[in-house]
Each structure stands twice: as C-alpha cells, then as structure tokens.
Amino acid sequence: MTALLTVLLACYLLGGLLPLCTTRLYLQNVFAHGCAAAAGVAGLVLGVAGLLSTAPLTLSLASNIPQLTFALRLDPLAAFFVLTISLVGLAASVYAYGYVEEFSGRVSVGLLGSLLNGFLLSMTLVVLADNGFFFLILWEVMSLLSYVLVVTEHEKPGVREAGLFYLIMTHVGTAFIILTFLIFFQETDSFSFEAFRHPDQQLPEGLRSVAFFTALIGFGAKAGIVPLHVWLPYAHPAAPSHISALMSGVMIKTAIYGLIRVYFDFMGGVFPWWWGFALLVLGTVSALLGVMYALMEHDLKSLLAFHSVENIGIILLGIGAGMIFHTYGLHELAALGLLAGLYHTINHAAFKALLFLGAGALQFATHTRHIEEYGGLLRRMPWTGAFFLVGAVSIAALPPTNGFVSEWLVFQSLFLSFQLPTLFLKLMLPIAAAMLALTGALALACFAKAFGISFLAQPRSTQARHAKEVPRSMLAGMGFLAGLCVVLGLAPMLVVPLLDRVTAPLTGAAISSQVLALDGWVVAPVTVEFSSISTPVLAMLLVGAGALGLLMARLCGKGLRARYYKTWGCGLNLTPRMEYTATGFAQPIKQVFETIYQPTVKLEQEFLEQSKYFIKHQRFESHIEPVFEKYLYQPVVALMLATADRLRIIQAGSLHLYLTYIFVTLVLLLLWAG
Amino acid sequence: MQAIIHIVLVILQLALLLTLSPFVVGLIRKVKARLQCRRGASLFQPYADLAKLFRKQPVISSTTSWIFTAAPYIVFASTIAAGLLMPVFVSHTPLNFAGNIIALVYLLALGTFFLILAGLDAGSAFGGMGSSREAIVATLAEPAMMLSILSIALTAGSTNLSTIVHQSALMEGDVVAPPAHLMALAALFIVTLAETGRVPVDNPATHLELTMIHEAMLLEYSGRYLALMEWAAGIKLLVFLTLIVNVFAPWGIATSLVPSAIAVGLLVYLVKVSALAIVIGVIESMFAKLRLFRVPEMLGAAFILSLLALVFFYTLKG
C-alpha cells in the first residue's frame, strides 16, 4: 500500500510539473490529464485496499517546525474518501482531455492541467492528513487552488465576484476549523490527530460543545450547509465544468469527512442528543431550501450547485440520525444512519459529477448555460443526453438507481426512530422523513424540468439547433460515471460491506451481514420482515414488465409502423417560442411556495397614444428574494464596512504614526511579559 | 414446490392487475353515468377501447425524441412493478422482498417522471402545461403519502407491505380502527384522488385544456402508445385502491396458501375494490374540480391529517 500511495503522489506531482515544462499544447494536455487519470486509478486501488486492510497505514515525516509533522494515515474512513475523490478525479481528467479545447487560446491549458493535479492532490492529502497543522495547510492549499480554478475565466462578468465571495467564505470556515483544532490543542498540547482521539485526553463538557459548533461552522461553510451555502451557487458554476464537477462532487465532501472525523473519531462518539438533532434540522433545511432554490434557477450549472446544497442536506440527515441513535446506545442503528449518509456521499459524488460534466458538454456544444436556450438536444447529442438522463434519474432517487438506494436507507434510519426513548425525537425524525419525501419529489420536478426543457422538444435557439455531439474523451468521462451510478445502484452487495468497514470502528457495530440478506441480493436493515429492497430484482421486474408491454404492442399491432406528423398546435404551426419554458414549468411551484420565494414581478408597459388596449412595448421581470443574502449577509457586510470606515482614522497614512503604534505595542508587550 | 407456487402467484397477480384495471375504470364511469341519469357505456367498454387502440396505427410527433416512444413502456413497466410488490388477495406476496412500501411509492414516481418528460417532448403548450401541473401535484402529495404510510407502518411494526397486511388481517377481533388509522386512511384517500388524477384534482373525462392534467400530457399519444399509457393509468388507480382496501380493511385476505382461502381472498378482494371504486365514482359526481391553486390546500390537509395520525399513534400508545 505504501508503494501505491507513492505512485499516487508521484503521478499527481508529475501531472503538476510536466505540463509546465513544455510549450506544445498537445503534450501539455496529455501530460496533465494522463497523470491525473493514472493517479486516479492508483487512488481507486489504494482506496479499496485501505478499506479492506485490517490495520491503518501510517506514514510520518518530521519537520523542523514545532507541532508540525507530515503525518499521513490511511484508515477506512480516509480510504473511503480517497476512493470517492479518485473515482471522480479519474472521470474528470479523462473528460478534461477533450474539454480543455474550449479554453485553448484563452487560458493556458498546461497551467489549467497542472492546477487540476494540484487540486486533486490536495484533496486526497486532506483526507489522509494525520496532523492538525498539516491538515490546515492542506485545507488552505485546497481552498486556494480551487479559488484559482474558479477564476479561470476571470474576464467574464461575475466570475471574479464569485471567486472573491468564495475566498471570503472559505476563509471564515478555515478560521473556525483552526479554532476547533486550537481547542483540542489546548487540552492535549499537541496537534497530532493521534492525541486528539486519545480517550484519556477528552475535552471537558463545555469545551466539547464549543468545539461542536466551531467544527460545524468551519466545515459547514465548505459543505454549503444552509445558511452558509450562499457562495456555492456562485462559485461552483463559475469554474470550468470538470472543476465544478470536482468541487460539487468531492470537495464539499471533504467537509463531511471533517465532521465525521471530529465527532465520531476525535470525540469518540460521545455526544448529547441535541448534536445529532442540530445536524438533522440543518440537514432538513438544507435539503428543502437547496432543492427549492434549484427549481427557480435557469442557469444549468447554478441549478446543479443548489442541488449540492440539497444533497449535503440528505447526507446530514443520515449522519444526524446516526448521531442521535449513537447517543442512546443504539449502535446498530447509528451504524445504519452513518452508512446511509456515506452511501449517499459516494452516490452524490458520482451523479453530481456526471451532471456537471453533462452541463459542461452542453456548454461546449452551445456556448451557453441558460436552460431556456437549449431544447431538442437529445436528438443532436444522443450520448450526452443518455448519460445526463442517467444522472437525472439517479439524483431524483428513482429506482433502481444509486440515489434511490441511499435515500431509501436514509428513510429507513429515520423510520426506525420508534426505538428512541423520547416522544419528541420519535415525532421529529418522521417529520424529517416527510420533508425528505418532499425534497425527493421536488428534485424529481426539478430534473424533469432540467432534462425536459434542455433535451426535449424543439431547439429554442440557433446555438441549440446547430449543436453537435462532444468529443469521445468527454463522452468517456461521462460514460464512466453513468456506469458507476448504475453499478452503485444495482450492486449494493458490493458497496455495503465496504462502507461497513468505515462505520464499524466509528460506531462499534458491524452491520454488513445484517443489512445484506439472501446472499446480498436484498438490502434489509434490521430484518427482512421490517423492510427490504432488492434493486437487481426491481430492475429485472422493470425490464420484464417493459418487455411484456413491447410484446403486447407487437402482437396486437401486427407490424404497424408509426406515422410521423407534426404536433397538433390548434391549427397553427408550432414554433419553439410556443413551447413551455423552464420558467413556466416552475411557475406553479413558485406560486405554492410563495412564502419562501417571495417573488417580485415588475411589468412596464407602454401603450399606443390612441388606445390603452394596444401595447407598443412591454418589459417583464420576475425575481425571487435572495432571503439569506439580503437579511443575513448584507447586514454583516454593511456592519463590517462601517466599522472599517471608522477604523480608517487610525490608519491615516502617516509613517510616524505607524512607528508610534509599533513602539506602544512593544512597550505594552514588554510590560505584559514582565 | 414452493418456488412453483410463488411463480404461479406472481403470474396470477400480474394477470389480475392487467385484467381488473380496465374494469375498475369502467365501473367508475358507469357509476358516474348512472348518477347523472345516463345509461352510460358498458362496464367492459375500456377493454374494447384498449383492444382497438392497440390495433390502430400510431401517429408520432415529428419533433419528439426516443423518450416519447420509450415513455409508455417505462410508465407501464414501473406501474406493473409497483403492483407486483404489494399483497392483493394473498397476504404473502412472493416479490415482497424486492421492495417495501417506499420502493412502491418511488416506482410510481419513476413512471411520473417519464410521463412528465413525455408531456414536454412533443413541444406543444398543452403537454408542458400538463407536465408542470403533474409535477406540482405529485410533489405535494408525496410528504402526506409518506407520513400516512409511516403511521400505518408503526402500527404493524414494519414498512413491509406483506407484514403490514398480514398483521392487520390476523387481528380479526380488533375491527374498530384506532383514530390514528382513520386519519391515515383519510390522508391516503386524498392522496389517491390526487395521484390518480380523479375529480377534485383532475378530470379524467375531459379534454378541456384549462382543466386537464393527465390528459394534457397524453394529448400527442395515439395507437399502442396511448393504449399503454391508459392501461398504466388504470393499473395505477387499481394499485392505490388495493393499497387502501388491503391496509385498512384486510379482512378476508388469504393469510395462508390453501386453495379455498385463496378463492375466498380473491372474491372478497373483488368486492372490496368494486365497493371503493363505487365510492370514488360517487365522490366524482358530488364534487366539482378544484382550481389548481386550491389543490395545495387539500393536500396540505392530507399532510396535517397524517401528521395527526402519527401524534395520535404515539400518544395513545402511551
């Protein structure tokens, strides 16, 4: 395994350096994405090996800086995230080989590829780091590299603002993570994770709760938990699509990793019930608001970014339920909740990355991200369309795909709440389940909109009419992830035992043999009598029933061939302008959930002078209120600007004054030290 | 031997779903006609309609993609798959292990998803309108459905449909349903009306564009594709009716695989489903269709009812 790890690191480092050593575009492209793909394969093997091995792999390199050791540790939890990162990294780098053509001439392909390798390397190392100091350095490198990648196309409007917003938010998050580690450091006098998780050096009660909140805010800002999600729909879409896929698919998962690492590992899984409950509430709110705002979004990549907020919410629901069960000593149910959360983590990585790559392919073909300008693309880009459909069905959690399996597991862990001792929680978990059902239904509506408006009916713009299928390497990247979605859905018997190796040490209960019944064909938490699903059988049923329909149509139709004729349009010839738009499709939902959206409509009309019944010119605008930005962020920004304005007095630009400050500070420090 | 019995049972259930669903549709139409003092078409008219549609040449819109022709098969398959997961006239369904009640709900959602896509594919405003409305109705029905299912599941201690039905069928002396059960029943009934496009929500008998939802999505379909879509809609209705009668009134269902018990179970099932279909026919005649934006209130009421069912379950149980 050490050799594998070395290969992985070497590939990423080579991929980071080689593209910068040559000026030939083709070589830059091959080096960068070839190395990243090779490292992805190595990471995949390493991840699986790490999950299967019994003892964690540790590597350590001392440094001259106190408290900092370059320590790496590959335990099952880290291995799972290495596996997830590598899977998506592999697909994204294969895809990027064709996709960077979009940027050639405007952005250095070599630099972009080199940064991609660096970004992947930093993410992989973040989950492997076994020292707080080292972790923070890597976390910062990851954040900065992703910032640089977000502003790749800085000449476009809005990109730099999005980047700045992201930079600020991620640093607020980092500050809180530093705070968390400092709390641990204060108790243990060490930055090594080994000391943090040592059972003899546990934090006192009050400090634990403080650490809970600082970790939640710190990692929550990266994960995009509501209300810290506001940067995500700006930053993720601004990046090139393969980077968006990595940011939405895996970078936000490093925050999930951080949360599990701190709560279950460092704190030894000892926590009051309201910690899990807080995660459950945040998860529910994130899931619901994420999908609701996604429905109103017509920029395909922003829509997908909002769905990341939703899915992080679903993951938190699983983890939160697991934590609640853990508090009450229901270790097997805790393992189930955590397992559901982790299953959704890898599923979301697969389908969200696939959808972002698909969105990139659409942008590649049409040079726009606006859904209303797509249309009819399934006939022009059949493969991209088919892969996107797989992603859409998966994210809408429809059987027999992977999204269905993990959401089903989350549902089960919420339903099992009747084993909890308090009435309050017994009621709250089912309500969370009902909200998850609402989320799922809204996600279905949202992806019916995204796929239906983009790929079906007639093209709504000239770009869409002239769209062509994307290069093979891009299709290969998407195809790999689509295949992954199918495998993760149809073969839970392969996934559950691996996940069980992650959750068993954290919760103290191995449930793989219990969850998988009938030789693994059936997923059944607790017992088959309580609940079970079998996605392979469901898939066979669907295929069989579909074949039955086909057979009947064949037998009765006697070879009747369909006739093609234009759509009925009340006697008119239908044009794309008469089609239902994405805005129109989402209109009833906007109206029903008015309280949340607070839509505003502006209509300006200019009439003919002769009669007010003839409109010369009109302009219609419709907006929804960005509630969090307006009521939560703007006041904070305003306060900070006002404070900064006041503080300007002490920074008047006079060198003498500054020297005085330094002198006064020195004197004060000396007095304090003495 | 066991395996053969199971296969026979699955085939029987499949055959029953396929053959009974047009009858239920015909029965509701007949009831409505009688209440309007019309004689109405024969009870078996829907069979003739299906047979005719299957033999007609389909016309497909030239702007559509493969989604349009694949959707009828997917909708049909997902509805049948959902129907095979639940107990119909025998409380032990062989395929029950393949999915519990959540899987059933999500299989139906798979059909809804492709139905919505099919509505959008032809590119006419009608299809889009139907799809958009179907999306909002399905969205709002889902949480109420999930909560009402949960409160039933809690009573039986299982989310597995066979277990739920078997358990409640065995509690024969305990006929009086607790309030939690009644509220869940009311909620699920409202959800049924919404999900199967019955009157207060949608009108299955009209092509008037301002009111239709389901019909609008099917507007461009013809021939065998329309037949499959209509049949699937009938099966979906039957699935919901079966769910209600078997979960809330499982009396008479065969709890063992004795031939006589199965025969009784089949007979009782036919009577119960017909009775419920007549109730739906009466309700369709009594109420006018709601405005689309009043539907959320109705489904909100269903949600509250199911929530109350849950509260009642826990408080009454102590």
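Each chain gets a letter, A, B and so on, in the order the sequences are listed, and its residues count up from 1.
- Contacts between B:L228 and chain A at a heavy-atom distance below 4.5 Å involve the side chain alone, from C-beta outward.
- Per-residue counts of heavy-atom pairs under 4.5 Å with chain B were compared for A:L389, A:T581, A:T575, A:V543; the largest is that of A:L389.
- By the 4.5 Å heavy-atom criterion applied to side chains, B:I74 and A:L542 are not counted as neighbours.
- Residue-environment remark: CZ (B:F293) exceeds the threshold of 12 foreign heavy atoms within 6.0 Å.
- Listed options B:L120, B:T79, B:T112, B:T139 were ranked by heavy-atom pairs under 4.5 angstrom with chain A; first place goes to B:T139.
- At a 4.5 Å heavy-atom cutoff, B:F68 makes no contact with chain A through either its backbone or its side chain.
- In this structure, the portions of B:V311 lying under 4.5 Å from any heavy atom of chain A include both its backbone and its side chain.
- Rounding to the nearest 0.5 Å places CG of A:L572 at 12.0 Å from OG of B:S124.
- Within the 4.5 Å cutoff, side-chain heavy atoms of B:M146 are placed close to those of A:F415.
- When heavy atoms are compared at a cutoff of 4.5 Å, A:F404 approaches chain B solely by way of its side chain, counted from C-beta outward.
- In this structure, OG in B:S61 is found 13.5 Å from CH2 in A:W568, a value given to the nearest 0.5 Å.
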Q | Test log, rule side chain to side chain contact (heavy atoms under 4.5 Å, CB included), inputs A:L378 and B:D121 | A | CA-CA 10 Å; A:L378 190 57; B:D121 204 6; over 6 Å; no

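- Using a 4.5 Å cut-off between heavy atoms, B:L14 contacts chain A through its side chain alone, with no backbone atom that close.
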Q. Under the side chain to side chain contact (heavy atoms under 4.5 Å, CB included) criterion, do A:F593 and B:L140 qualify, and how do the steps go?
A. CA-CA 11 Å; A:F593 296 104; B:L140 295 173; 3.8 Å; yes

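- For chain B, the nearby part of A:M435 is the side chain; its heavy atoms alone come within less than 4.5 Å.
- For the set B:G123, B:A135, B:A98, the count of heavy-atom pairs under 4.5 angstrom toward chain A peaks at B:A98.
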Q) Can B:L18 and A:L548 be said to form a side chain to side chain contact (heavy atoms under 4.5 Å, CB included), step by step? A) CA-CA 11 Å; B:L18 290 175; A:L548 180 75; 3.9 Å; yes

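- Using a 4.5 Å cut-off between heavy atoms, B:L84 contacts chain A through its side chain alone, with no backbone atom that close.
- Ranked by non-hydrogen atom pairs under 4.5 Å with chain B, the options A:G452, A:A562, A:G569 are led by A:A562.
- The greatest number of non-hydrogen atom pairs below 4.5 Å with chain A, out of B:A153, B:S306, B:A122, B:P72, is found for B:A122.
- Side-chain contact between B:E220 and A:T567: present, with at least one pair of heavy atoms (C-beta onward) separated by less than 4.5 Å.
- Minimum heavy-atom separation, B:T159 to A:Q412: OG1-OE1, 3.9 Å.
- No side-chain heavy atom of B:F313 sits less than 4.5 Å from a side-chain heavy atom of A:K426.
- Looking at A:R379, its side chain does come within 3.5 Å of a backbone N or O of B:T64 through a donor-acceptor pair.
- Of the residues considered (A:G546, A:A445, A:A553), A:A553 shows the highest number of contacts with chain B, using heavy-atom pairs under 4.5 Å.
- Note: B:L154 CG to A:F418 CZ = 7.0 Å, rounded to the nearest 0.5 Å.
- Per-residue heavy-atom pair counts under 4.5 Å with chain A were compared for B:L307, B:L95, B:I67, and the maximum is reached by B:I67.
- Using a 4.5 Å cut-off on side-chain heavy atoms (C-beta onward), B:F97 and A:S534 make contact.
- The parts of A:A397 that come within reach of chain B are both its backbone and its side chain, each placing non-hydrogen atoms under 4.5 angstrom from that chain.
- Heavy-atom distances place both the backbone and the side chain of A:I589 under 4.5 Å from chain B.
- Both the backbone and the side chain of A:L550 come within less than 4.5 Å of a heavy atom of chain B.
- Taken from OG1 in B:T63 to NZ in A:K566, the straight-line distance is 11.5 Å, to the nearest 0.5 Å.
- With a 4.5 angstrom heavy-atom cutoff, A:E407 touches chain B only via side-chain atoms.
- Rounding to the nearest 0.5 angstrom, the gap separating the CZ atom in A:R563 from the OG atom in B:S62 is 11.0 Å.
- For A:C570, the part lying near chain B is the side chain, with the backbone staying farther off; criterion is any non-hydrogen pair under 4.5 Å.
- Ranked by non-hydrogen atom pairs under 4.5 Å with chain A, the options B:A51, B:A81, B:S222 are led by B:A81.
- Across all non-hydrogen atoms, the minimal contact from B:S132 to A:F585 is OG-O, 2.9 Å.
- Listed here is the closest heavy atom pair of B:N160 and A:S532: ND2-OG, 4.4 Å.
- Top candidate by heavy-atom pairs under 4.5 Å with chain B, chosen from A:L444, A:V537, A:L574, A:V393, is A:L444.
- Under a cut-off of 6.0 angstrom, the local environment of NZ in B:K56 is sparse, with at most 12 non-hydrogen atoms contributed by other residues, nucleotides or ligands.
- A:L541 has its side chain out of reach of B:L107: every pair of non-hydrogen atoms, C-beta onward, lies at least 4.5 Å apart.
- Using a 4.5 Å cut-off between heavy atoms, B:L161 makes no contact with chain A at all.
- Distance CD1/B:I102 to CD1/A:I533: 9.0 Å, rounded to 0.5 Å.
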Q) Are A:W408 and B:Y106 close enough, and set up right, to give a ring pair (Phe, Tyr, Trp, His ring centres under 6.0 Å), and what steps lead you there? A) CA-CA 9 Å; A:W408 187 85; B:Y106 273 80; over 10 Å; no

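- If you measure heavy-atom distances from A:L416 to chain B, you find no contacts under 4.5 Å at all.
- When all heavy atoms of A:A437 and B:P143 are compared, the pair lying nearest together is CB-CA, 4.1 Å.
- Between A:R561 and B:Q57 the shortest heavy-atom distance is O-NE2, 2.8 Å.
- For a residue to count as touching a neighbouring chain, one of its non-hydrogen atoms must lie under 4.5 Å from one of that chain's; by this rule B:T163 touches chain A with the side chain only.
- The shortest non-hydrogen separation linking B:F76 to A:M552 is CZ-CE, 3.5 Å.
- Using a 4.5 Å heavy-atom threshold, the side chains of B:I136 and A:Q591 count as separate.
- Contact tally against chain A (heavy-atom pairs below 4.5 Å) for B:L310, B:L150, B:I116: the top residue is B:L150.
- In this structure, the portion of B:A138 lying under 4.5 Å from any heavy atom of chain A is its backbone and not its side chain.
- Two residues are said to be in side-chain contact when any heavy atoms from C-beta on lie closer than 4.5 Å; A:Y580 and B:S131 fail this criterion.
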